[in-house]
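Quick notes on the structure that follows.
Below, chain A is the first sequence line, B the second, and so on; all start at residue 1.
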Amino acid sequence: MSNASAAALAAEQARAPAQIKYRSQAVAKPYFMAAIGLFIGQILFGLIIGLQYVKGDFLFPAISFSTARMVHTNLLIVWLLFGFMGAGYFLIPEECERELYSPKLAIITFWVFLVAGALTIVGYLGLPYNVLAHLTGNDLLPTMGRGYLEQPLITKVGIVLVALSFLFNLSMTLLSGRKTSISIVMLLGLWGLAIFFLFSFVNPNNLVLDKYFWWWVVHLWVEGVWELIMGAMLAFVLVKVTGVDREIIEKWLYLIIAMTLITGIIGTGHHYFWIGTPAYWQVWGSIFSALEPVPFFMMTMFAFNMVKRRRREHPNQAATLWALGTGVMSFLGAGVWGFLGTLSVVNYYTHGTQLTASHGHMAFYGAYAMVVLTMISYTMPLLRGREANSPQAQKVEKLAFWVMTLSIVGITLFLTAAGATQVWLQRMSSTPLSFMETQDHIMPLYWARLVCGLGFFSGLMLYLISFFVTGKREA
Amino acid sequence: MSASFTKSTARNIFYGGSVFFFLLFLGLTLDTTMALPSHNAKAKLTDAAVRGKKIWETRNCGGCHTLLGEGAYFAPELGNVYVRRGPDFIKGWMKAMPTNVPGRRQMPQFHLNDGELDDVVAFLKYTSEINTNNWPPNIQG
């Protein structure tokens, strides 16, 4: 597309009555609403486990730590999946310039996924885990009880069916419509997500192989195919809010995801240092994962560059803020904090400590929570019949951005300090303390983390409130 | 970026790079699986250990503990607990749960019978014999 026609298109977009371009894009709305609801649930359970870190017997035995943590992490994954799906249903018709293949199927899938997800959480909370395992067919094919993949067998099968229906719907839309780089990358990422999830059904008796292939889901998701989805969503929003030529944005997108997979696939090796695999993984894993910050740095450059070169002032400033925030926070959380513990000589001491948790929190928020919120921020006003929310509503949304983001920075810094203390007292000292003695020394930092957690929750409430702020519409 | 570096160049780097590194990863995976039997010759995966692994999973032990550094960070590392504490302590500890000490982190009572407790111990013994390249740094895990 030439610069002139891009500018003309941007001008036309600014004049057009604010609404979605294709009616079937409206199916994204329930997905985004469910995502936000589950996000709130995730943070509530985060507060419970944050409190259990300092008051060990809080809610015991009604909700034990392992149950609350499982709900916290599973809700995280599920709300992000709802966000990805909503984004797919919004983005693909617009990029393909045609209606969704089957809006009806998308709505049926939504309810199946939501009900199955809710029943799974009820099962976690209402039944002892081994009883749930027994009732749901874990004896037929044991897959439960491994981090992030705790879902019962029937839920896992359900996820596969929902994913297949979703991918069928989007792929049929793409096949008969315009094929842009953004939509192709989005679909590659989503297909990759579904394919690597199949390894959640692989659970060898040999613990080393179990752990080895467990990472084929967990690492190849978050440091692989999810980044394709993330890049596509960010590129889509940047095309819209900056009006920069699509050719330039798509070139960046390909370069970023090229670096993601070039570094990230062999980078899986940084999980293979100490789980019983050959020692050569320490070399492969260290070298390639040291390069993993590169695509995230490019993501930051990309977002700032495009906003700097913008050809229009989009009225939705909150969405632009979220897009820039995603660039910065994903680089800090996934890039910098990931790098901190990734070299094998350092990882030898930091592996399995609170330093891992600190990286996890900032990386998940900075990369995936924020990019979904970017997408929601851009699309929700359109789905509600306006190009952007009122300045008053955007003001609340931006405040929510800062409160949530600064709170996660606080959580990350306190957990980093907790991890450093743990490494020092338990692993490096000449008279090493036991795990629980070490934990006693870390208590003040866990209290501080809990306070930041409450801060995050209040930011999330502000975010929710921003949807109900009407204010004066912009002319 | 210069004009000669086009979108299709970037796209080709993406497809070519991804395929190349994924194939390399498959090669390393094949090598790892072939090296494993001798690399972990000491770790004997007995029937009892296999049953113990299933108990480990269905009680969601990794929801609080780490095992070879993976899991949750709420309770001690158990990859070397067999060496640190020994079989009798492990069984006695699990039978005595929860401690009900006010404010203290609590471990649930799983009501395992003696055979199941032996299976858990067999699994933890197997885990302690895996060649982890000398991790953890000391006995405290």
Any side-chain heavy atom of [X] sitting closer than 4.5 Å to one from [Y]?
X: A/Trp281; Y: B/Thr32; answer: yes
X: B/Phe25; Y: A/Trp284; answer: no
X: A/Leu209; Y: B/Thr33; answer: yes
X: B/Glu77; Y: A/Phe435; answer: no
X: A/Glu250; Y: B/Arg11; answer: no
X: A/Phe213; Y: B/Thr29; answer: yes
X: B/Gln140; Y: A/Leu425; answer: no

Straight-line distance of [X] [atom1] to [Y] [atom2], nearest 0.5 Å:
X: A/Asn130; Y: B/His111; atom1: CG; atom2: NE2; value: 10.0 Å
X: B/Asn133; Y: A/Trp274; atom1: CG; atom2: CH2; value: 6.5 Å
X: B/Phe74; Y: A/Ile49; atom1: CZ; atom2: CD1; value: 9.0 Å
X: A/Leu207; Y: B/Ile130; atom1: CG; atom2: CD1; value: 4.5 Å
X: B/Arg59; Y: A/Ser64; atom1: CZ; atom2: OG; value: 13.0 Å
X: B/Asn60; Y: A/Met144; atom1: CG; atom2: CE; value: 8.0 Å

Can you tell me which portion of [X] sits under 4.5 Å from chain B's heavy atoms? Options are side chain, backbone, both or neither.
X: A/Pro204; answer: backbone
X: A/Arg69; answer: side chain
X: A/Tyr53; answer: both
X: A/Gln282; answer: side chain
X: A/Ile184; answer: side chain
X: A/Leu220; answer: side chain
X: A/Tyr124; answer: neither

Picking from [options], which has the most non-hydrogen pairs under 4.5 angstrom with chain B?
options: A/Leu261, A/Ile262, A/Val208; value: A/Ile262
options: A/Gly56, A/Gly269, A/Gly145; value: A/Gly56
options: A/Lys55, A/Arg146, A/Gln354, A/Glu150; value: A/Gln354
options: A/Thr73, A/Leu132, A/Thr277; value: A/Thr277
options: A/Tyr280, A/Phe288, A/Phe58; value: A/Tyr280
options: A/Pro128, A/Gly147, A/Pro278; value: A/Pro278

Among [options], single out the residue with the greatest number of heavy-atom pairs under 4.5 Å to chain A.
options: B/Ala35, B/Pro108, B/Ala49; value: B/Pro108
options: B/Asn131, B/Asp31, B/Val101; value: B/Asp31
options: B/Pro98, B/Ser8, B/Ala10, B/Pro137; value: B/Pro137

Exercise. Under 30°, 30 to 60°, or over 60°: which ring-plane class applies to B/Phe22 and A/Trp216, parallel, tilted or perpendicular?
Worked result: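 If you compare the ring of B/Phe22 with that of A/Trp216, the planes turn out perpendicular.
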How about [atom1] on [X], more than 12 heavy atoms from neighbouring residues, nucleotides or ligands closer than 6.0 Å, or not?
X: B/Asn113; atom1: CG; value: yes
X: A/Lys211; atom1: NZ; value: yes
X: B/Asn134; atom1: CG; value: no

Problem set entry | Full working for side chain to side chain contact (heavy atoms under 4.5 Å, CB included) between A/Leu228 and B/Phe14 | CA-CA 11 Å; A/Leu228 271 58; B/Phe14 166 66; 4.0 Å; yes
Chain A contact via [X] - which portion, at a heavy-atom distance below 4.5 Å:
X: B/Leu24; value: both
X: B/Ser18; value: both
X: B/Leu28; value: both
X: B/Leu67; value: both
X: B/Tyr126; value: side chain
X: B/Leu23; value: neither

Exercise. Any donor and acceptor pair, going by atom type alone, linking the side chain of A/Lys251 with main-chain N or O of B/Phe5 inside 3.5 Å?
Worked result: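 Judged by distance alone, yes, a pair lies under 3.5 Å.
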Exercise. Donor-acceptor pair, B/Arg105 side chain versus A/Asp57 backbone, under 3.5 Å?
Worked result: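 Checked: no pair found.
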List the atom of [X], the atom of [Y], and the distance in Å for their closest heavy-atom pair.
X: B/Thr58; Y: A/Ala133; answer: CG2-CB, 4.0 Å
X: B/Ile13; Y: A/Ala258; answer: CG2-CB, 3.9 Å
X: B/Leu68; Y: A/His351; answer: O-NE2, 2.9 Å
X: B/Glu57; Y: A/Asp210; answer: OE2-OD2, 3.8 Å
X: B/Asn138; Y: A/Pro432; answer: ND2-CB, 3.5 Å
X: A/Phe65; Y: B/Ala72; answer: CE2-CB, 4.2 Å

Problem set entry | Partner of B/Lys54 under side chain to side chain donor-acceptor pair (under 3.5 Å), chosen from A/Asn205, A/Asp139, A/Asn138 |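 Single side chain to side chain donor-acceptor pair (under 3.5 Å) partner of B/Lys54 among A/Asn205, A/Asp139, A/Asn138: A/Asp139.
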For this session: Walk me through it: do B/Tyr15 and A/Leu188 pass the test side chain to side chain contact (heavy atoms under 4.5 Å, CB included)?
Result: CA-CA 11 Å; B/Tyr15 284 113; A/Leu188 274 176; 3.6 Å; yes
